[in-house]
Student: 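First, the structure itself, so that you have it in front of you.
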Amino acid sequence: MSKNTPKAIRGTQDIFGADAEAFAFVVETFERVRKLYRFRRVEMPVFEKTEVFSRAIGETTDVVSKEMYSFEDRGGDSLTLRPEFTAGIARAYLTNGWQQHAPLKVGTHGPLFRYERPQKGRYRQFHQIDAEIIGAAEPQADVELLAMADQLLKELGIEGVTLHLNTLGDADSRENWRAALVAYFSAVKGDLSQDSQDRLEKNPLRILDSKDPRDKAFLPDAPKIDDFLTDGAVSFFESVTGGLDAAGVKWQRAESLVRGLDYYRHTAFEFIPDEGTAAADALGAQSTVLGGGRYDGLMESLGGAPTPAVGWAAGIERLAMLVGKTGDSESRLAVLPKREELLPLAHEVLAALRLDGLQAEAPFRFQNPSKAFQKLKKRGIPYVLDIDPPDFEGELGHARLIYGEASYEEITELAVQIEDALERQFTLKFMGGKPHNSTGWGISSRK
RNA sequence: GCGAUCGUAGCUCAGUUGGUUAGAGCGCCGGUUUGUGGUACCGGAGGUCGGGGGUUCGAGACCCCUCGAUCGCCCCA
């Protein structure tokens, strides 16, 4: 690489080959499941006014205070590359009058940007799939959203990942619990880790899932959310868990699971790989693969009417790491000219095959047939249609199907398809007999 | 933002205690061989050692700075 070639920006990825296939597989599967659950597709801007995020997510959160890509545009407005989907969707809901569609179920996917230290499963430009239900206060909405997430993971073939579920209660429950946690941890502040002493100010709930042994000692006796839930919050959570059981979605209670962003209420959840599994290994420290919850308080922070909503987002890269090798996609069939002068005919044949819906490819220039063939085999392309010189005067050429270990049925089916395709463009000779007996065709003239 | 490890051809790596024109395998290109053929052989292109500075008669190898990667912390998807 030349010294003056610009390098990629830190934390960005150029996804190619098998990784790109896995990425596409995640997106395609999400699109399919999304339609199954009748979530409507939305496309959102990649940047918004900075206040959309600072007001919705919370000024004190790490995301807003130190991870946003914010800049001033030429008009002097402060804009920010979206660090998440929900705030932008909430803004769109309010500015476009989408209230008329409530309850509105939407899904989208695309890039997000966060200025963080890159790590396994963590990038500065990363990609998420996202699903939201806006304008539904019913616990059944939470259930449907989670059932969708659960089905998505199953259809992706991801195993060893469990739904960790918690409730943060309604605004009152959450506030009282938070106050109790602050009081509890303040009493032992000096014995906490430095991180947790900071969290005491900014985000006391987060102390609950600290990994520091100094903090862990105090966790078992910390105030539990269950003791602060109002009757309404309790029955809401019971409806959610009951609905999940009825829907066959496996879950486990995670009392210390909280969300980092301020706008969450009631249901909070994460799908996390079980310890010791291949999935946990693949993800390293970035273990949450899909997370979300109910954010009834968000619309008000953007100046809208109180609007209940639930949603989740999942990291496409993280999911892609779990779906295993999907393999790079290769052609099944290649057309190979045996001599340089047959290259044009090979491309005519190729065009005929494609017009008939067959996936195929041919080299752009002539190459030693033996080496060209080797290359195709190495790439795992199973079928080659050789274009040979004509057997008789006046013919254009001769096409022969070369195959490896394929089954009789497979060869026959492909041979018939090729024959059909060629017959539309060319007059063929030696067509008699069954395909498996005569996998070659004399190409006598164009039609 | 903090810590640890690492950075040599397209890829995976080797380069003795610093010493002549920086190596291998794979890949790539050309040729021969073979001619339902992933074979074998011959030849070739391609690195100045992430970048900058320093120590030295002399540095890919030592020191400093910087950029990047990886893995943790933090945060989160």
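Chain A is the first sequence line, chain B the second, and so forth, proteins listed ahead of strands; every chain is numbered from 1. Remember, it's a predicted structure, so these values are computed and weren't measured experimentally.
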Student: Closer than 4.0 Å, any side-chain N/O of A:Q367 to the OP1 or OP2 of B:C29?
Tutor: yes

Student: How would you label the contact of A:E270 with the nucleic acid (heavy atoms, under 4.0 Å): base, sugar-phosphate, or nothing?
Tutor: nothing

Student: Just checking A:Q13: base, sugar-phosphate only, or nothing, at a heavy-atom cut-off of under 4.0 Å?
Tutor: nothing

Student: Check every strand shown and say whether A:F85 touches a base, only sugar-phosphate, or nothing at a heavy-atom separation below 4.0 Å.
Tutor: nothing

Student: Taking the P atom of each, how far is B:G25 from B:G38, in whole Å?
Tutor: 23 Å

Student: Select base, sugar-phosphate, or nothing to describe what A:G121 touches, counting heavy atoms under 4.0 Å on all strands.
Tutor: base

Student: Is the phosphate of B:C74, meaning OP1 or OP2, less than 4.0 Å from a side-chain N or O of A:K211?
Tutor: yes

Student: Going by side-chain hydrogen bond (donor to acceptor under 3.5 Å, both in side chains), name the residues that satisfy it together with A:Q194, two or more places apart in sequence or in a different chain.
Tutor: A:D198

Student: With respect to the side chain of A:A313, which nucleotide from B:C29, B:U36, B:A77 is positioned closest?
Tutor: B:A77

Student: Under 4.0 Å, heavy atoms only, any strand: does A:K202 hit a base, just the sugar-phosphate, or nothing?
Tutor: nothing

Student: Please evaluate the base of B:C76 for a donor-acceptor partner in the side chain of A:R206 within a cut-off of under 3.5 Å?
Tutor: no

Student: Quote, to the nearest angstrom, the C1' distance that separates B:G47 from B:C28.
Tutor: 15 Å

Student: Could you run down the sub-3.5 Å N/O contacts of the protein with nucleotides 1-3 of chain B?
Tutor:
{"unit_1": "B:C2", "atom_1": "N4", "unit_2": "A:R117", "atom_2": "NH1", "d": "2.4"}

Student: Is a donor-acceptor pair below 3.5 Å formed from side chain A:K375 to base B:G27, judging by atom type as modelled?
Tutor: no

